[in-house]
*Asks:* 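My questions all concern the structure below.
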Amino acid sequence: MKKLLCFLLFLGLQTSLTQANAIKVKPFVVNSLSEIKKNYWGQPFVLMFWSKTCLYCMKELGLFGKLQKQFPNISVVTVSTDVYLDEKTINDILTGKDLVLKTAWVFATEYPEQLYAAVDKRWRGELPVTYFYDRQHQPIRHMGIVKEAALIAWMKQQTLTAMESEAKAVSPR
């Protein structure tokens, strides 16, 4: 009986720890890109749109999870284009790709075409699509899977630019 009670307490603790580490999933609507940019103002970030049925998306999410440890100063923002995909599935996929995120987004409209246009008037829903935003939030759009070497080069450049900006701010004039 004592062993059963200990086991049940352990399961309860595991569940509460998992919930505490869960990624908060927010609805992505027409104005969400503005909110994301505001949250990352003055910081470079990567914005990746994905779907659970897109094999290339899954590969790219894994790449971001791998590089997130190497470049912790570059934020990764993910948006599932699977309309109203449930929070548990999103958490399972993203944590399974070793992504450490506080927030993820999911399309929340019956008409995803409106969201495509709100993000980029040229976007018709092709996946994966990734936007690289520098510190001034000038985007670079990449359709298809991102090459690891190109991604590392962009992340290194953003890190170098941030260090140069910090050095200028600290140095006496």
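The structure displayed is predicted, hence computed values, not measured ones.
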*Asks:* Please report the interatomic distance CD(Gln68) to CD(Gln70), rounded to the nearest 0.5 Å.
*Replies:*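 Reported value, rounded in 0.5 Å steps: 12.0 Å.
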*Asks:* Return the set of residues passing side-chain contact (heavy atoms from CB on, under 4.5 Å) with Tyr84 (not counting sequence neighbours), or none when no residue passes.
*Replies:*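 Testing Tyr84 for side-chain contact (heavy atoms from CB on, under 4.5 Å), a comparison that skips the adjacent residues, returns Ala108, Glu110.
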*Asks:* Find out whether Lys26 and Glu35 are in side-chain contact, i.e. whether some heavy atom of one side chain is under 4.5 Å from a heavy atom of the other.
*Replies:* yes
*Asks:* Just one of Tyr40, Trp41, Phe132 clears the ring pair (Phe, Tyr, Trp, His ring centres under 6.0 Å) bar with His137, so which one?
*Replies:*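 Exactly one option meets the ring pair (Phe, Tyr, Trp, His ring centres under 6.0 Å) with His137, and it is Trp41.
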*Asks:* Gly125 and Tyr116: which non-hydrogen atoms are nearest, and at how many Å?
*Replies:* CA-CZ, 3.5 Å
*Asks:* If we ignore hydrogens and angles and just use 3.5 Å, is the side chain of Ser75 paired with the main-chain N or O of Phe45 as donor and acceptor?
*Replies:* no
*Asks:* List the atom of Val146, the atom of His142, and the distance in Å for their closest heavy-atom pair.
*Replies:*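 Minimum heavy-atom separation between Val146 and His142: CG2-CD2, 3.5 Å.
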*Asks:* Without swapping roles, check the side chain of Glu87 against the backbone of Lys24 for a donor-acceptor pair under 3.5 Å.
*Replies:* no
*Asks:* Does the side-chain contact (heavy atoms from CB on, under 4.5 Å) test come out yes or no for Val129 and Trp50, once each step is laid out?
*Replies:* CA-CA 7 Å; Val129 62; Trp50 62 277; over 6 Å; no
*Asks:* Give, for atom OG1 of Thr159 and atom CH2 of Trp154, the distance between the pair rounded to the nearest 0.5 Å.
*Replies:*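 The CH2 atom of Trp154 is 8.5 Å from OG1 of Thr159, to the nearest 0.5 Å.
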*Asks:* Among Val29, Leu85, Thr81, which one satisfies side chain to side chain contact (heavy atoms under 4.5 Å, CB included) with Phe107?
*Replies:* Thr81
*Asks:* Tell me if the centroids of the rings in Phe49 and Phe28 come within less than 6.0 Å of each other.
*Replies:* yes
*Asks:* Flag yes if Trp105 and Leu61 sit in one hydrophobic cluster, no otherwise; membership is Ile, Leu, Val, Met, Phe, Trp, Tyr, and two members link when side-chain heavy atoms are under 4.5 Å apart.
*Replies:*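 Each belongs to a different hydrophobic cluster.
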*Asks:* Could you tell me the separation between the CG atom of Leu47 and the OH atom of Tyr133, rounded to the nearest 0.5 Å?
*Replies:*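 These two atoms lie 5.5 Å from each other.
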*Asks:* With a 4.5 Å cut-off on side-chain heavy-atom distances among I, L, V, M, F, W and Y, is there a chain of contacts connecting Tyr56 to Met58?
*Replies:*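 Result: no, two separate clusters.
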*Asks:* Answer whether the closest heavy-atom distance between the side chains of Val83 and Thr109 falls below 4.5 Å.
*Replies:*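 When only atoms from C-beta onward are counted, Thr109 and Val83 do not touch, as no gap falls below 4.5 Å.
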*Asks:* Please confirm whether the backbone N or O of Glu126 pairs with a side-chain atom of Trp123, one donor and one acceptor, at under 3.5 Å?
*Replies:*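 Flag set: sc Trp123 to bb Glu126 pair under 3.5 Å.
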*Asks:* How long is the gap from CD1 on Ile90 to OG1 on Thr78, to the nearest 0.5 Å?
*Replies:* 7.5 Å
*Asks:* Could you state the interatomic distance from CZ (Arg124) to CE (Met143), rounded to the nearest 0.5 Å?
*Replies:*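 Spacing of CZ (Arg124) from CE (Met143) equals 10.5 Å.
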*Asks:* Could you state whether Ile36 and Val76 fall into the same hydrophobic cluster, counting links through intermediate Ile, Leu, Val, Met, Phe, Trp or Tyr residues with side-chain heavy atoms under 4.5 angstrom apart?
*Replies:* no
*Asks:* What pair of heavy atoms forms the shortest contact from Cys57 to Met48, and how long is it?
*Replies:*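 Heavy-atom minimum between the residues: O-CE, 3.6 Å.
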*Asks:* Grouping I, L, V, M, F, W and Y whenever their side-chain heavy atoms are under 4.5 Å apart, do Ile145 and Val46 come out in a common cluster?
*Replies:* no
*Asks:* How close do Ser51 and Leu127 get, counting heavy atoms only, and between which atoms?
*Replies:*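 Nearest pair, atom of Ser51 first, then Leu127: CB-CD1, 3.5 Å.
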*Asks:* Same cluster for Val106 and Ile23 if Ile/Leu/Val/Met/Phe/Trp/Tyr side chains link at under 4.5 Å?
*Replies:*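 Same cluster: Val106 reaches Ile23 through Ile, Leu, Val, Met, Phe, Trp or Tyr contacts under 4.5 Å.
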*Asks:* Disulfide bond (SG atoms under 2.5 Å apart): which pairs involve residues 77-145, sequence neighbours left out?
*Replies:* none
*Asks:* Salt bridge or not for Lys66 and Glu148, using N-O below 4.0 Å?
*Replies:*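 Salt bridge flag = yes for Glu148 with Lys66.
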*Asks:* Stepwise, does the side-chain contact (heavy atoms from CB on, under 4.5 Å) test hold for Leu115 with Val30?
*Replies:* CA-CA 6 Å; Leu115 300 180; Val30 171; 4.1 Å; yes
*Asks:* If you draw a 6.0 Å radius around NZ in Lys69, do more than 12 non-hydrogen atoms from other residues or ligands fall strictly inside?
*Replies:* yes
*Asks:* Distance-only criterion, 3.5 Å: show the donor-acceptor pairs between side-chain atoms of residues 94-104 and protein atoms not counting sequence neighbours.
*Replies:*
{"from": "Thr95", "atom 1": "OG1", "to": "Asn91", "atom 2": "O", "distance (Å)": "2.6"}

*Asks:* How close do Gln158 and Arg135 get, heavy atom to heavy atom, and via which atoms?
*Replies:*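 The answer is OE1-N, 4.0 Å.
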*Asks:* Will you find, in the side chains of Thr89 and Asp86, an N or O donor that is under 3.5 Å from an N or O acceptor?
*Replies:*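 Yes.
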*Asks:* Where do Glu60 and Gly144 come nearest, in terms of heavy atoms and distance?
*Replies:* OE1-O, 3.5 Å
